[in-house]
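Each remark here refers to the structure printed beneath this line.
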2 protein chains.
Amino acid sequence: MTEQLEQFLTLTIKATQQDLDIILSCFKLEMVKKNDILLNDNETCKHVFFVSSGSIRAFFIDEKGNEATRYIAFENEFITILNSFITQTKSKEFLQATENGQILAISYDDFRQLLYILPIWKDLYIKQLEIAYTTNAWRLESFIKMDAKERFDYLFETNPRVIQRLSNKIVANYLGITQESLSRLKGKK
Amino acid sequence: MTEQLEQFLTLTIKATQQDLDIILSCFKLEMVKKNDILLNDNETCKHVFFVSSGSIRAFFIDEKGNEATRYIAFENEFITILNSFITQTKSKEFLQATENGQILAISYDDFRQLLYILPIWKDLYIKQLEIAYTTNAWRLESFIKMDAKERFDYLFETNPRVIQRLSNKIVANYLGITQESLSRLKGKK
DNA sequence: CTTAAACATTGACAAATGTTAAAAAATCAT
DNA sequence: ATGATTTTTTAACATTTGTCAATGTTTAAG
């Protein structure tokens with residue numbers, strides 16, 4: 001049930017079995033179904049989630065009432081609403097399962113506790129922040145310099161799972177365009 | 001000459017005077033003039049820079065030969081090409097002074113050394129990564145859900161320095177649009 | 001001060017994307 | 001399986017943004 005996370009940790013950091021046991025004991029398994037909401041707008045984000053299987057997205061709803069997907073986490077990735085989690089203030093975003101799957105959750109208190117007692121956890125946190133930042137920077141790049149078609153092709157190259165496994169609706173609002181535009185784009189291949 | 005960084009550190013982390021002295025001794029002052037290149041495309045980024053005065057941008061050049069500005073650091077902000085710096089591999093981006101100013105540089109080796117010997121430096125690094133991630137996430141939001149006019153207004157609200165102090169050319173390519181579009185946008189106010 | 005270079009604005013037109021509506025296709029719950 | 005719901009595609013049209021070219025303005029070097 002936590003084997004996947006254990007394997008991920010083993011590959012990512014040099015932890016002793018004791019470290020691993022402490023870390024794994026902090027995570028709680030949750031089975032989620034597609035469309036389940038893990039965090040609502042205006043709630044404080046109290047967990048970091050590790051995706052064992054399936055996928056989770058972070059999205060918000062803009063003034064016009066449209067959904068906009070900011071990030072999608074697949075297997076072996078962490079997701080949270082970092083700003084809300086760090087400061088324990090209300091989130092502007094939602095967290096939602098985009099597929100049926102298993103996730104592991106660690107609470108804010110346990111997370112803080114691990115930072116305090118396990119140096120290796122701090123190192124993992126730094127590594128994950130670096131990855132998250134870099135991923136975001138690439139995504140930003142794609143918006144600054146590419147048009148919709150180019151962003152679609154780039155997504156297909158760098159993260160085809162988004163296109164292969166999720167609905168056009170979500171793919172479109174992850175790319176920052178309408179479903180209709182996406183539909184046309186795919187025709188223009 | 002390093003007073004500004006010292007003050008910034010004092011406000012950001014709880015460091016002893018000894019910690020501060022060690023940290024400050026790693027930074028080297030550089031005077032930069034507008035348009036000076038601090039890092040070229042295809043070079044390995046060997047420093048993290050702290051902006052004491054002026055501003056520094058990270059930008060890249062796309063296939064069509066257009067510049068696209070991904071990030072701009074002003075006073076009391078750090079800037080580097082994180083990916084290149086962490087992995088000590090070639091950068092796809094440039095670093096350039098966008099105003100005359102003073103910056104403080106810390107080398108990769110000293111940075112690593114501080115991470116190793118000063119717990120407080122690790123904490124500062126985490127804090128800066130969190131800030132960088134959050135800032136990026138907001139910027140991403142603006143691209144996903146807003147059109148150019150809205151992005152401009154949002155930028156004016158959240159970081160007017162960009163508009164007030166830098167050329168239209170840079171503002172435009174920071175917003176992901178052409179100079180001409182920006183010019184029209186400003187008229188439509 | 002003068003001139004060349006860089007930057008900013010404007011207009012005409014083209015291309016990309018959004019909007020609205022409808023129909024076709026896929027999915028889901030019974 | 002069947003009907004209802006959701007998702008995807010298509011089309012016509014509106015709006016936004018890009019491209020190109022010309023002109024005005026500012027900046028910087030000599």
Side-chain angles (χ1 to χ4, degrees), chain A residues 32-37 54-55 57 59 61-69 72 96-101 142-156 162-189, chain B residues 32-37 54-55 57 59 61-69 72 94 96-101 141-156 162-189:
Chain A
V32 294
K33 307 198 81 158
K34 185 173 174 177
N35 296 329
D36 280 359
I37 295 290
S55 53
R57 69 171 176 145
F59 74 98
I61 297 184
D62 67 21
E63 324 74 51
K64 297 154 205 146
N66 299 317
E67 292 182 3
T69 298
I72 305 168
Q96 181 185 42
T98 37
E99 297 173 298
N100 296 338
S142 79
F143 276 99
I144 304 172
K145 71 174 175 192
M146 297 177 188
D147 65 21
K149 178 71 166 64
E150 292 169 323
R151 287 203 298 281
F152 178 80
D153 293 342
Y154 178 72
L155 180 60
F156 189 79
V162 175
I163 295 165
Q164 287 158 354
R165 289 161 48 176
L166 306 183
S167 70
N168 270 6
K169 195 174 162 183
I170 292 178
V171 175
N173 76 52
Y174 182 73
L175 288 172
I177 58 179
T178 60
Q179 293 179 60
E180 294 89 339
S181 291
L182 177 56
S183 215
R184 268 177 301 204
L185 246 48
K186 298 206 294 190
K188 239 196 289 181
K189 259 288 169 58
Chain B
V32 293
K33 308 199 81 156
K34 187 174 174 176
N35 298 329
D36 280 359
I37 296 289
S55 53
R57 70 170 177 146
F59 73 99
I61 296 184
D62 68 23
E63 324 73 52
K64 298 155 206 149
N66 299 318
E67 292 182 3
T69 298
I72 305 167
F94 297 77
Q96 180 184 42
T98 36
E99 297 174 298
N100 297 338
E141 255 191 58
S142 79
F143 277 98
I144 304 172
K145 70 175 177 191
M146 298 178 188
D147 65 21
K149 177 70 165 66
E150 291 169 323
R151 288 204 297 282
F152 178 80
D153 292 342
Y154 178 72
L155 180 60
F156 190 79
V162 175
I163 296 165
Q164 286 158 355
R165 287 161 48 177
L166 306 183
S167 71
N168 270 9
K169 193 175 163 180
I170 291 178
V171 174
N173 77 52
Y174 182 72
L175 288 172
I177 57 177
T178 60
Q179 289 179 65
E180 293 91 334
S181 292
L182 177 56
S183 216
R184 269 175 298 205
L185 245 49
K186 299 206 293 190
K188 239 198 287 182
K189 258 289 168 57

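Quick note on labels: first sequence line is chain A, next is B, and so on, each numbered from 1. Keep in mind the model is a prediction, meaning the values are calculated, not measured.
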Round to a whole Å and report the spacing from CD1 of B/Ile144 to P of C/dT17. 16 Å

Assign each of B/Arg151 and B/Lys34 the nucleotide of DNA chain D bearing its closest heavy atom; nearer the 5' end lies the nucleotide of B/Arg151

In whole angstrom, give the distance that lies between atom CD1 of B/Ile163 and atom C1' of C/dA8. 16 Å

Where do B/Lys33 and B/Ala97 come nearest, in terms of heavy atoms and distance? O-CB, 3.5 Å

Mind calculating the distance between NZ (B/Lys145) and C1' (C/dG18) to the nearest angstrom? 18 Å

What's the verdict on side chain to side chain contact (heavy atoms under 4.5 Å, CB included) for A/Leu155 and A/Tyr174, showing C-alpha distance, side-chain angles and the deciding distance? CA-CA 10 Å; A/Leu155 180 60; A/Tyr174 182 73; 3.8 Å; yes

Between A/Lys64 and B/Lys169, whichever has its closest DNA chain C nucleotide further toward 5' is B/Lys169

Sidechain-backbone polar pair: B/Gln96 side chain, B/Asn35 backbone, donor-acceptor under 3.5 Å: yes

Check whether any side-chain nitrogen or oxygen of A/Thr178 sits under 4.0 Å from OP1 or OP2 of C/dT17, and answer yes or no. no

Between D/dA28 atom P and B/Lys33 atom NZ, what is the distance in whole Å? 10 Å

Would you name the heavy atoms of A/Thr69 and A/Ile170 that are closest together and state the gap between them? OG1-CG2, 4.1 Å

From the options D/dT16, D/dT8, C/dT17, select the nucleotide whose nearest atom is closest to the side chain of B/Asp147. D/dT16

Donor-acceptor pair, B/Asn173 side chain versus B/Gly176 backbone, under 3.5 Å? no

Integer-rounded Å distance: D/dA28 C1' and B/Asn35 CG: 11 Å

Would you please classify the geometry between the B/Phe143 ring and the A/Phe143 ring as parallel, tilted or perpendicular, with 30° and 60° separating the classes? tilted

Over how many whole Å does the gap from B/Glu150 atom CD to C/dG18 atom P extend? 12 Å

Pairwise N/O distances under 3.5 Å, protein to nucleotides 9-11 of chain D:
{"unit_1": "D/dT9", "atom_1": "OP2", "unit_2": "A/Asn168", "atom_2": "ND2", "d": "2.8"}
{"unit_1": "D/dT9", "atom_1": "OP2", "unit_2": "A/Ser183", "atom_2": "OG", "d": "2.9"}
{"unit_1": "D/dT9", "atom_1": "O5'", "unit_2": "A/Ser183", "atom_2": "OG", "d": "3.1"}

Please name the pair of heavy atoms, one in B/Lys145 and one in A/Ala68, separated by the smallest distance, quoted to 0.1 Å. CB-CB, 4.4 Å

Euclidean distance, atom CG of residue B/Leu166 to atom C1' of D/dT26 [Å, nearest integer]: 16 Å

Whole angstrom is fine here: how far is it from CZ in A/Phe143 over to C1' in C/dT17? 14 Å

